[in-house]
Amino acid sequence: MKSTAGMAVLAVAMLALGGCGGADSGPTTPAGSGGAVPKAVCGPGSNPESGMQGRVSSEDHASGRAAEGYTCNTELVGAYTTPNAIGTVGGFKVERYIDAQGNECAYYDSTLLYPTNALDAEAGVNVMDMTDPANPQLVTRLLTPAMLTPHESLVVSQDAGVLAAVTGNPAFYPGIVDVYDISEDCRSPQLRSSALVGNLGHESGLAPDGRTFYSANPGSPTLVAVDITQPLFPRQLWTGPYYSHGLSISNDGNRAYVAAGDGKGFMILDVSEIQARVDDPQVYEIANITWPNMTIPQNAIPFTRDGKSYVLEIDEYSASEADGGVAAHGDVVGAGRIIDITDETNPVIVSDLRLDVHEPENRAEIAGDPGAFLPIQGYAGHYCNIPTRVNPEIAACSMIVSGLRIFDIRDPARPKEIAYFNAPVNPRITPIFEASNWAMSSPAFAPERKEIWYTDGYSGFYVVRLTNDVW
C-alpha cells in the first residue's frame with residue numbers, strides 16, 4: 001500500500017513530468033504489425049531477463065537478481081553514477097560532440113524536475129570528458145538559467161558546434177534560451193547568450209546547421225523559432241499556434257517533424273520560409289497522423305532507408321483506456337513506431353516498437369512490480385534515438401523500468417530487439433519512490449566503438465557497448 005502523502009506527491013510529479021494531454025480524437029491509421037517485437041537472442045557474456053520481455057519482477061527484487069542488472073549482447077564500459085542520491089542524477093537528454101581539436105564530450109541534464117536534486121548538489125548540465133569512455137570525467141556543470149532546468153530541451157548541432165536549451169518544466173517556466181559555443185573546446189562550453197526569446201519552454205528542436213532553435217511546449221500553442229545565427233544576439237523569427245513536444249528538423253531545414261500535442265499525434269510542418277529567413281515567414285501543415293493506442297507523443301526523428309523516407313516516433317507513459325489520460329500503470333501503452341513518410345502528404349505506420357510488458361494482456365500480471373505503479377514511470381516508453389539519419393541499422397530507446405532497449409531497424413517494417421541493458425537496481429533513500437530503474441533519456445552514440453550513452457534518473461550516466469556482433 002502506498003501512503004496518501006506519497007500518492008499526493010506522485011500526483012504533483014505526474015503533472016510536472018508527464019507533458020500534457022493523452023489520446024484524443026482525430027484521423028487515425030491502424031498501427032503497424034501490432035504486438036511486441038521478437039525478443040533478443042542473448043549471446044555469450046549476457047545476463048538476461050528471466051521471464052517476460054522488459055520485466056523486472058517483484059521476485060527478482062526480492063531475490064537480489066535485480067541488483068545484478070540485466071544485459072543482453074551488451075557490456076558496461078564506464079559510468080558516472082550516484083546510486084544512493086536523494087534526488088535525480090540523470091535526466092532527459094544525452095548529447096555527444098567531438099570538437100575541432102578532437103576532444104570528445106558528453107552533455108546531459110542531471111535532473112528530471114528542478115530542483116529535485118538540489119540536496120545532492122547535482123543541478124545543471126554535466127559536461128563530461130570522454131577521452132576514456134571507461135572512466136568518464138565530470139569537467140564542469142553549466143548553471144545558467146536554461147541549463148539549470150532544461151527539462152527535455154537540451155540539444156546539440158553537430159554541424160555548427162552549438163549547445164542550446166530553453167528553461168523548461170512541464171508547463172510554465174519562462175522561455176530563456178541559452179546558447180553555448182562548443183566547437184573549439186567541447187570541455188569548456190562558452191556562453192554566447194541567455195535571452196528571453198522562447199515561450200513556456202519544455203522541449204525543443206534545432207536545425208542541423210545550427211541557425212534556428214525551436215522552443216516547444218506540448219501543453220500550450222506556443223512553438224517559437226529563434227534565430228541563433230548570431231548567437232550573441234538571438235531573436236524570435238516566428239511564433240505559431242502549435243502544441244509541440246519534441247521536434248526534429250530535416251537536414252535541409254525545410255521540414256519540422258513534430259511529436260504533436262492536442263491529439264494531433266505526428267505532424268509534418270513546412271518551415272522552409274523560416275529556414276530561408278523570409279520576412280514574416282509562414283508555416284504550413286503538410287500532414288498529421290494518429291494511432292489507436294496513442295498516449296503522449298514524445299519525439300519524432302526522420303531517417304532514410306534504401307531510398308525511402310521514414311520517421312521513428314515514440315510515445316511516453318501509459319494511459320487509461322477509459323478516458324485517455326495519463327494513468328498509473330495504464331492499460332494503454334503507446335511505445336514506439338516507424339512511419340513511412342515517402343509520400344509526406346500521406347504518412348503510413350509500417351511497424352511498432354513494443355515489448356511484451358507493453359501489451360494489454362500482460363498489464364495485470366506486472367502491475368505489482370516495483371516502479372510499475374508510478375504514472376511518471378512504469379513499463380512504458382520515453383525516448384528513442386538513432387546513430388545516423390542515413391540507413392541506420394539500429395534504434396536505441398529508453399523504456400523507463402525496462403531500461404535501454406536496442407532494436408534492429410534495417411527492415412523498417414519488421415523491427416526486432418537485438419540487445420538491452422538494464423542497470424543494477426540499488427536501494428533508494430527516498431521512501432516514496434521504490435527502488436527500480438528510471439531510464440528516461442534520449443541516448444547518444446559512438447558508432448565507431450559500438451557504444452550507446454544514456455542516463456538513468458535514479459543513478460546517472462552509462463556507457464554501454466554492444467557485443468556479439470549484433471550491431
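One-based numbering along the sequence shown.
You'll find the side chain of Val125 stays beyond 4.5 Å of the side chain of Lys93, heavy atoms only. Side-chain contact between Val311 and Pro347: absent, with no pair of heavy atoms (C-beta onward) separated by less than 4.5 Å. Annotation: side chain of Ile400 is in contact with side chain of Tyr317 (closest heavy-atom distance under 4.5 Å). Ser153 has its side chain out of reach of Ser215: every pair of non-hydrogen atoms, C-beta onward, lies at least 4.5 Å apart. Tyr257 places a side-chain heavy atom less than 4.5 Å from the side chain of Ile268. The shortest distance between side-chain heavy atoms of Ser309 and Glu344 does not fall below 4.5 Å. Met130 is listed as a side-chain neighbour of Trp453, based on a closest heavy-atom distance under 4.5 Å.
Nearest heavy-atom pair across Arg187 and Val139 is O-CG1, 3.5 Å. Residues Pro234 and Ile228 share a closest heavy-atom pair of CB-CG2, 4.1 Å. Of all non-hydrogen atoms in Ile98 and Glu104, the two that sit nearest each other are CG1-CG, 4.1 Å. Summarising the geometry of Thr212 relative to Asp209, their closest heavy-atom pair is N-OD1, 4.4 Å, with the distance given to 0.1 Å. Gly371 and Val401 make their closest contact through O-CG2, 4.0 Å (heavy atoms, listed as atom of the first residue, atom of the second, distance). Pairing each heavy atom of Asp185 with each of Gln101, the nearest pair is CB-NE2, 3.8 Å.
For the pair Asp352 (side chain) and Arg354 (backbone), a donor-acceptor distance under 3.5 Å is absent. Judged by distance alone, the side chain of Asp270 and the main-chain N or O of Ser272 form a donor-acceptor pair under 3.5 Å. Judged purely by atom type and a 3.5 angstrom limit, Asp178 uses its side chain to pair as donor or acceptor with the backbone of Ala146. Using modelled atom types, no side-chain atom of Ser320 and backbone atom of Gly330 make a donor-acceptor pair closer than 3.5 Å.
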TODO: Please step through side-chain hydrogen bond (donor to acceptor under 3.5 Å, both in side chains) for the pair Ser244 and Tyr214, ending with a clear verdict.
DONE: CA-CA 10 Å; Ser244 172; Tyr214 289 81; over 6 Å; no

Open item on the list: Between Glu152 and Gln298, does the side-chain hydrogen bond (donor to acceptor under 3.5 Å, both in side chains) criterion hold? Intermediate values first, please.
Closed with: CA-CA 10 Å; Glu152 297 169 338; Gln298 175 64 61; 3.1 Å; yes

- [ ] Go through Leu466 and Asn73 one step at a time and tell me if the side-chain contact (heavy atoms from CB on, under 4.5 Å) criterion holds.
- [x] CA-CA 6 Å; Leu466 271 62; Asn73 302 323; 6.0 Å; no

- [ ] Let me see the working for Thr81 and Val89 under side-chain contact (heavy atoms from CB on, under 4.5 Å), right down to the final yes or no.
- [x] CA-CA 8 Å; Thr81 63; Val89 294; over 6 Å; no

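Ring geometry for Phe445 versus Trp471: interplanar angle over 60°, hence perpendicular rather than tilted (30 to 60°). Ring geometry for Tyr108 versus Phe461: interplanar angle under 30°, hence parallel rather than tilted (30 to 60°). Aromatic ring orientation, Tyr462 versus Phe421: tilted (interplanar angle from 30° to 60°).
Here the rule is side-chain contact (heavy atoms from CB on, under 4.5 Å) with His245, and of Ile296, Asn217, Val258 only Ile296 fits it. None of Asp408, Thr388, Ile386, Ile418 except one satisfies the side-chain contact (heavy atoms from CB on, under 4.5 Å) rule with Ile394; the exception is Ile418.
There is no side-chain donor-acceptor pair under 3.5 Å between Asn126 and Tyr80. Between the side chains of Trp291 and Asp315, at least one donor-acceptor pair of N or O atoms lies under 3.5 Å.
Within a 6.0 Å sphere centred on CD of Glu184, heavy atoms belonging to other residues, nucleotides or ligands number 12 at most.
Here Met399 contributes atom CE and His382 contributes atom NE2; the two are 12.0 Å apart, rounded to the nearest 0.5 Å.
Of the charged side-chain nitrogens involved, none lies within less than 4.0 Å of a carboxylate oxygen, so that Glu75 and Lys450 do not count as a salt-bridged pair. Salt bridge annotation for Arg235-Asp227: present, with a cationic side-chain nitrogen under 4.0 angstrom from a carboxylate oxygen. Note on Lys264 versus Glu285: salt bridge recorded, some NZ/NE/NH1/NH2 to OD/OE distance being below 4.0 Å.
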